[in-house]
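Report on one structure; see the data block that follows.
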Amino acid sequence: MIDLHMHSTASDGTDTPEEIIRKCAKLGVSLSSITDHDTIDAQERAIECAARKKIKYLTGAEFSVEHDGELHILGYGMNVTDPELKSVMERLREQRAERAKNIVKKVRKNGMEITFADVERCAKGNTIGRPHIALALVEKGYAFSVADAFVRYLSRDGSCYVKREKLGIEETIGLIKKTGGIPVLAHPKLVRADDIASLIGELKTMGIEGLEAFYPAHTDEDVKKFLAIAKQNDLLVTSGSDYHGTVRPLAAIACEKRTDGALAESVNFLMQKAAV
Ligand code: AMP
Ligand code: MN
Ligand code: MN
Ligand code: MN
């Protein structure tokens, strides 16, 4: 059992890195990775805890990159003490805060009295994202739920949407590789594309090395299709739950249990890149 896609309180999950690692140890997860959105803040704590709990841990991050909307690239096995990686992450954090401020401005223009301080409080010191603005809107009674806040105000079609500056595809792949990591396309089913097979072919030429073929939202048919595309492009295959804790109750740790030979081989390879 493995789980290579989980979010902690360093991004928009509700469990601390230690809570996630302890749960993985209890479940008997044989390889785990916390892949927070655009931040590596959880990594050192996760490594330490995994060492204490004697479980295998692979460093991780999930980068949001520019592509007709957005595309997510997972990086595994990066050296999380690398100064360039740290400074890019710092820049992304500043851009996120800037964007959140602009969303709050728009929200206030629409007559809803939330402040950036409210949003910061909801983020509890972690990487600020739209989910925290959603929480502030719920708190002040402007939305029934986080989902409601997204539909009405924060989603791409919402009334208070503000675009965020993102890294480019090649820039992201380059950064992951430079720091010793493996770039993997996350949840390909959720990628907006007319022809996902040809997009993955293009990503391969840009340096992508793996495909998250096993993902809860993928049907058995989807998994089969992505395994075939991975094989065609000589890509590693990964599996992850996209665990976020209580904000996404259906995606439990290691809930993605399907497997096959290509995944087993890829996991063997990734094991060698484990930090502990
Ligand atoms: P951000 O990174 O600030 O753009 O926020 C994106 C995050 O918001 C995603 O990682 C999701 O966890 C969450 N999210 C996106 N769309 C929705 C939605 N419709 N309902 C609830 N959460 C969402
Ligand atoms: Mn998320
Ligand atoms: Mn994602
Ligand atoms: Mn994710």
Side-chain angles (χ1 to χ4, degrees), residues 2-17 19-20 24 29 32-43 46 58-76 78 89 92-93 96 99-100 103 119 122-124 126-135 145-147 149-151 154-156 158 161 164 166-167 169 172-173 176 181-193 196 199-200 203 208 210-218 222 226 238-256:
I2 62 160
D3 197 338
L4 300 181
H5 191 155
M6 298 179 277
H7 296 271
S8 78
T9 46
S11 62
D12 57 347
T14 55
D15 284 0
T16 64
E19 280 167 340
I20 292 179
C24 285
V29 175
S32 56
S33 181
I34 295 177
T35 52
D36 282 309
H37 299 287
D38 301 317
T39 176
I40 49 171
D41 286 356
Q43 299 306 312
L58 192 59
T59 59
E62 182 176 21
F63 295 84
S64 306
V65 309
E66 199 57 63
H67 159 79
D68 177 24
E70 189 167 310
L71 182 144
H72 292 178
I73 294 180
L74 297 156
Y76 292 119
M78 295 158 296
M89 291 306 204
L92 292 174
R93 175 196 291 280
R96 269 182 178 280
R99 178 212 196 190
I103 296 177
V119 175
C122 290
K124 299 192 178 111
N126 299 313
T127 313
I128 289 178
R130 283 178 292 164
H132 307 122
I133 304 173
L135 284 172
S145 63
V146 166
F150 265 92
V151 171
L154 304 173
S155 66
R156 269 229 288 185
Y161 182 75
R164 181 162 61 87
K166 297 183 198 92
L167 298 178
I169 296 178
T172 304
I173 291 174
I176 294 169
I182 311 267
V184 172
L185 178 65
H187 44 61
K189 185 168 191 185
L190 308 186
V191 176
R192 221 186 281 208
I196 186 69
L199 174 64
I200 293 168
L203 290 169
I208 206 100
L211 191 61
E212 190 178 43
F214 294 91
Y215 184 79
H218 293 170
D222 294 326
F226 293 130
T238 68
S239 165
S241 66
D242 218 350
Y243 180 68
H244 280 69
T246 55
V247 289
R248 207 182 282 185
L250 292 180
I253 291 178
C255 65
E256 177 50 74

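In this chain, residues are counted from 1 in sequence order. Note that ligands are numbered from 1 as they come in the structure, with each ligand's atoms numbered from 1 the same way.
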If you apply the rule side chain to side chain contact (heavy atoms under 4.5 Å, CB included), what do you find for V146 with L135, and how did you get there?
CA-CA 6 Å; V146 166; L135 284 172; 3.8 Å; yes
Working note: H67 + L199, criterion side chain to side chain contact (heavy atoms under 4.5 Å, CB included); need CA distance, chi angles, decisive distance, verdict.
CA-CA 11 Å; H67 159 79; L199 174 64; 4.0 Å; yes
What do the steps show when you test R164 against D38 for side chain to side chain contact (heavy atoms under 4.5 Å, CB included), and what is the final call?
CA-CA 12 Å; R164 181 162 61 87; D38 301 317; 3.4 Å; yes
Candidate pair L71 and L185, rule side chain to side chain contact (heavy atoms under 4.5 Å, CB included), full reasoning
CA-CA 8 Å; L71 182 144; L185 178 65; 3.7 Å; yes
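Residues satisfying the ring-ring contact (aromatic ring centres under 6.0 Å, His included) test with F226, not counting sequence neighbours, are H218.
Per residue H72, closest N, O or S atom to the Mn ion (ligand 3): atom name ND1.
The two residues I173 and L203 have their closest heavy-atom pair at CD1-O, 4.4 Å.
Among the backbone and side-chain atoms of H187, an N/O/S atom is found under 2.8 Å from the Mn ion (ligand 3).
Side chains of S11 and T39: a donor-acceptor N/O pair is absent below 3.5 angstrom, by distance only.
Around the Mn ion (ligand 2), the protein contributes the following N, O or S atoms under 2.8 Å, ordered by chain and number: D12 OD2, H37 NE2, H244 NE2.
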